Amino acid sequence: MQYNHKEIEPKWQQYWKDNNVYKCDINKDKPKYYVLDMFPYPSGAGLHVGHPLGYIASDIYSRYKRLKGFNVLHPMGYDAYGLPAEQYAIQTGQHPEITTRQNIDRYRSQLDKIGFSYDWSRQIRTCDPEYYKWTQWAFIKMFNSYYDTAADKAMPVADLIARFEKEGSKGLKAACTKELDFTAGEWNEMDEKQKSDVLMNYRLAYLGNTMVNWCPKLGTVLANDEVSEGVSLRGGYPVEQKLMYQWCLRVSAYAQRLLDGLNGIDWTESLKETQRNWIGRSEGAEMHFKIDGKDIDLEIFTTRADTVFGVTFMVLAPESKYVDMITTEEQRKAVDDYLASIKHKTERERMIDKKVSGVFTGAYAINPLSKKKIPVWVSDYVLAGYGTGAIMAVPAHDSRDYAFARHFDLPVIPLIEGADVSEESFEAKEGIIINSEGEELNLNGMQVKDAIAATKKFIEEKGIGKVKVNYRLRDAIFSRQRYWGEPFPVYYKEGIPYMLDVEKLPLELPEVDKYLPTESGEPPLGRAKNWCTPEGWEFEKCTMPGFAGSSAYYLRYMDPRNNDALVSREANGYWRDVDLYIGGTEHATGHLIYSRFWNKFLYDLGEVCTDEPFRKLINQGMIQGRSNFVYRIKDTNTFVSYGLKKQYDVTPIHVDVNIVSNDVLDTERFKAWRPEFNDAEFILEDGKYVCGYAVEKMSKSMFNVVNPDDIVENYGADTLRLYEMFLGPIEQSKPWDTNGIDGVSRFIKKLWNLFYRDGKLIVTDSEPTKEALKSIHKLIKKVTYDIENFSYNTSISAFMICVNELTAMKCTSRAVLENLTVLIAPFAPHVAEELWHALGHDKTVCDAVWPECNEEYIKEDNVTYAVSFNGKARFNMTVSAGTDVKEVENLAISSENSAKWLEGKNIVKVIVVPGKIVNIVIK
RNA sequence: GCUCGAAUGGUGGAAUGGUAGACACGAAGGACUUAAAAUCCUUUGGCUAUUGCAGCUGUGCGGGUUCGAGUCCCGCUUCGAGCACCA
């Protein structure tokens, strides 16, 4: 039998399916292991060769762990809600459900061809009502919870109400939108609406008036992680700031826990760093500056408390509530004009426009330490959303304050010895403090670090301010003015939102006639008929964002068909958390933050048993495209080969990489490719047309998309799997280049030929030779080590070496080849299954046991030392294994080869590294 | 601007502080073949030798630690990623 992937791959895929080989259930006799891929959004373009990279890596690990005796949970599903299907629906009128289902089917057939070991019985789709029931359920739970900052966990809102009834807001420690102050009596006097508004201030899922990223083109709001540099991540449309009444999740309440949790999990340092940046913790102080002549405390946040004596003015964000309160009559018009001038500017325009602008309010504040009067200004360089929306300006030591001071000719007082502030600000946080002596506090002569601490202590004691930690992480805006998403389980009665009973879930997405907003500007759900409770109360018309459905899907896989709980206690107690999670870095500040938040919330509720959902995470690199170019001589239809193009005036044109091999163009197929090239002529070099190349994003427009189906068709799934892993470390981004694939293809054939010659099985029961045992046990050791360290490319190299060795020694021993088959099974499951059965096994190779390395076999008989003089290797010396170190030293010195190096020299010392090197230091 | 990574042949990439370039691609030469494909063998970092065994040099740049540095430390350069009027 010849190796024929077209025959064996469909055969074993069918066998695995028929025998439910990859179905897994709770089995308390085995340790569990949970391997998860980030589930895909099924786009219309199908999979390209880059998508399966992470899936192959996780599949190898799953199969390996199974052979190691673990009960492995390895599921797959689809993140089915998303904008592209909806955009397509708007254009064509086709229901997004239909598009989504078609795309899912396409994905599934592509995935099936690669031979993954998913337990498809656990498949989930986020758009299935039985799935999103639990997304809605979690939302209700969040609505009914608040964050107790004393207990540092989520608690029921019912407890909060009980507390308000007894003692009002006194002494409450809770995450909130703004600090409220009321007595029990006041609370009990409030009507339903007022109470609802107060509670909204604390709920983890709340309705709030927030500045949102509004994208007019998409007709929806977007979360911070869905916007980059003022444009939407999807589509690249401009995004503007708008105040809207929206559902939000109080993610910020979990900021510190999200930060702390990073320390205990096995993620790459760069990914953790990205999350730390995103959470953006900064430790500082909140201070009060009195407004001169008014009973107003201006609250600011600073990380540089030591610089208070250098504050020469203050700045408010244009949106700050203080602006209106303190502006004097004389300045009123100037301030109003300024506010109007920036109001029509979008966030993006504000960012691009780095010109200094601002206006004086007419008011003065009193510096609490120096007691000096300082002017208060308004400027858009201060952000409303961070800190308190007001700053104390220290132009000597902050570049933005410096620019502002220079522009409006405000004083600059240097505070650090030797700092030259004539040209620019001095921002280093070190040096000796000067010019900082007040009536009660003197910082002069201190180091910056000590001065910060001393100032913080002082202001706390005097009640001028308090130490405060600020986070950049904002609450997640949870409403989308879209159709294709989870409906909120919310209805409104007289303007007050109420949650649907959990028993009535899921609240299914209704049908609409069109997927556009209504004429009155309501979201598409405004078109749904009878979108209200039986009593006639209207349902929420927004839907949930993309990250809603992906925030807890890993929990649902544990118990996907449970209709009574997101996941049963039993299933969650057994599977616990994801041991290995593989996916792209692009989710670092989106999904991976929301998921961790969601999980921590469910943990607080006692619904899940682990605080962190993903124990180890690997980011697979992006596969880029490798585009090819042909060079057309201007105004002709003649194409010149790469090496000769300099002699002509040429235009590079993208050419389909599928008609190019090793950068050599198939000219006949090129002519047939497109009508305009039918009569193309070529100027060749060495009889070939050589193309240029470039690394670009893999996309249709670059003609560099390589489809995994084509590779499977031509080379087989096993070759595709091996080659994707052989390309380089999984975490590294790299361009796809099909050229090297022949190498792994040859390897599989060589492996096959160890078992078959002239179509006949040549495996014998003969005793394996010592060399064969050594070769295979070295392989066992190497491959085991490499898989554990996700270094798949080097383990494939080891396979190649071993197969070459066994071929050279004509090894036909069953014992050796059986081990080889099990070792290759995670990488190339089809060929392994075929060979395993050929060796006479009835059961699947998935039930085999991973072989153990026997060190006895790989012990070297002889050990070769590199003998060097002063670190320069000069000759090799072979001694028998186990030779005493002292003896090795003597042999090296007395060797003939040493003679000329030692001539007339003194030996200073001799260093022997066991099994490796002898270095003789001479003088 | 701040933070984190990375830099090794023509290419993808190997190297617990111990003979740098494993493995693979590509290229060159050869064998088999009427021919091609497939397969197999040899060479392949650079330079000098190749009628001589060999020698020198070499992991972005400059220093340092060490008997010994691609690997550790300090200072740069370039590229990539994240954050960014965040006070």
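Numbered from 1 within each chain, the chains take letters A, B, ... in sequence-line order. All figures in this text were calculated on a predicted structure; none of them were measured in a lab.
The partner of B/rG26 is B/rU44, judged by Watson-Crick or G-U wobble contacts that both fall below 3.5 Å. Across every strand in view, B/rU51 sits unpaired, with no contact that passes the Watson-Crick or G-U test at under 3.5 angstrom. Judged by Watson-Crick or G-U wobble contacts below 3.5 Å, the nucleotide B/rG1 has B/rC83 as its partner. Base-pair partner of B/rG75: B/rC61 (Watson-Crick or G-U wobble, both distances under 3.5 Å). With a cut-off of 3.5 Å on both Watson-Crick or G-U wobble distances, the partner of B/rU39 is given as B/rA31.
When each of A/M800 and A/G728 is assigned the nucleotide of RNA chain B with its nearest heavy atom, A/G728 is the one assigned upstream, toward the 5' end. Nucleotides of RNA chain B nearest to A/S270 and A/K750 differ in position, and the one nearer the 5' end is that of A/S270.
Between A/R400 and B/rC86 there is a side-chain polar atom (N or O) within less than 4.0 angstrom of OP1 or OP2. Here A/K909 reaches the OP1 or OP2 of B/rC67: one of its side-chain N or O atoms lies under 4.0 Å away. A close approach under 4.0 Å does not occur between any side-chain nitrogen or oxygen of A/Q732 and OP1 or OP2 of B/rA6. In terms of phosphate contacts, A/R472 brings a side-chain nitrogen or oxygen within less than 4.0 Å of OP1 or OP2 of B/rA84. Between A/Y381 and B/rA87, a side-chain N or O to OP1/OP2 separation shorter than 4.0 Å is absent.
To the nearest whole angstrom, the two P atoms, one in B/rU43 and one in B/rA54, are 14 Å apart. Across the C1' atoms, B/rC72 and B/rA22 are found 24 Å apart, a figure rounded to whole Å. If you take atom C1' in B/rU19 and the same atom in B/rG12, they sit 25 Å apart, rounded to whole Å. Taking the P atom of each, B/rU59 and B/rG64 are spaced 16 Å apart, rounded to whole Å. When the P atom is used for both B/rC2 and B/rG75, the distance is 14 Å, rounded to whole Å. For the P atoms, the distance from B/rU42 to B/rA35 is 23 Å, rounded to whole Å. Nucleotides B/rG10 and B/rG80 are separated by 22 Å at their P atoms, to the nearest Å. The gap from the C1' atom of B/rG70 to that of B/rG17 amounts to 11 Å, rounded to the nearest Å.
Side-chain contact between A/L720 and A/V49 is present, with at least one heavy-atom pair separated by less than 4.5 Å. Side chains of A/P735 and A/I623 form no contact here, defined as non-hydrogen atoms less than 4.5 Å apart. No side-chain heavy atom of A/Y715 sits less than 4.5 Å from a side-chain heavy atom of A/I748. Taking the side chain as every heavy atom from C-beta outward, A/Y322 and A/L298 approach each other to under 4.5 Å.
Between the CZ atom of A/F799 and the P atom of B/rA14 there is a distance of 17 Å, given to the nearest Å. Rounded to whole Å, atom P of B/rG1 lies 20 Å from atom NE2 of A/H397. We find that CZ of A/F790 is positioned 20 Å from P of B/rG13, with the value rounded to whole Å. Between A/F869 atom CZ and B/rG55 atom C1' the separation is 17 Å, expressed in whole Å. Taking atom CH2 of residue A/W278 and atom C1' of nucleotide B/rA84, one finds them 11 Å apart after rounding to whole Å. Atom CD1 of A/I741 is separated from atom P of B/rA24 by 16 Å (rounded to the nearest Å). Between the CD atom of A/Q620 and the P atom of B/rA81 there is a distance of 16 Å, rounded to whole Å. For A/L473 and B/rG82, the CG to C1' distance is 15 Å, given to the nearest whole Å.
Between A/K781 and A/E855 a salt bridge is recorded (basic side-chain N to carboxylate O distance below 4.0 Å). A salt bridge links A/R276 to A/E269: at least one charged side-chain nitrogen sits closer than 4.0 Å to a carboxylate oxygen.
Note on A/R276: nothing from the nucleic acid sits closer than 4.0 angstrom, heavy atoms only. Within the nucleic acid shown, A/P729 comes within 4.0 Å of sugar-phosphate atoms alone, with no base atom in reach, counting heavy atoms only. Residue contacts for A/L727: at a heavy-atom cut-off of 4.0 Å it reaches the sugar-phosphate backbone alone, with no base atom in range. Residue contacts for A/E273: at a heavy-atom cut-off of 4.0 Å it reaches the sugar-phosphate backbone alone, with no base atom in range. Within the 4.0 angstrom heavy-atom criterion, no nucleotide atom of any strand lies near A/R281. In this structure, A/I911 reaches the bases: a heavy-atom distance under 4.0 Å links it to at least one base atom across the strands shown. Counting any heavy atom pair closer than 4.0 Å across all strands shown, A/N470 reaches no nucleic acid atom.
Base orientation at B/rC47 is anti, since its O4'-C1' glycosidic dihedral falls outside 90° of 0. For B/rG70, the glycosidic angle deviates from 0 by more than 90°, giving an anti base.
Checked against the 6.0 Å centroid criterion, the rings of A/F747 and A/W752 do not qualify as a close aromatic pair. You'll find the ring centres of A/F404 and A/F313 inside the 6.0 Å limit.
Candidate nucleotides B/rC25, B/rC86, B/rG82 were compared by shortest atom distance to the side chain of A/T274, and B/rG82 ranks first. Closest to the A/N793 side chain, of the nucleotides B/rA87, B/rA14, B/rU19, is B/rA14. Taking every side-chain heavy atom of A/F726 into account, B/rC23 is the closest of B/rC23, B/rC25, B/rA87.
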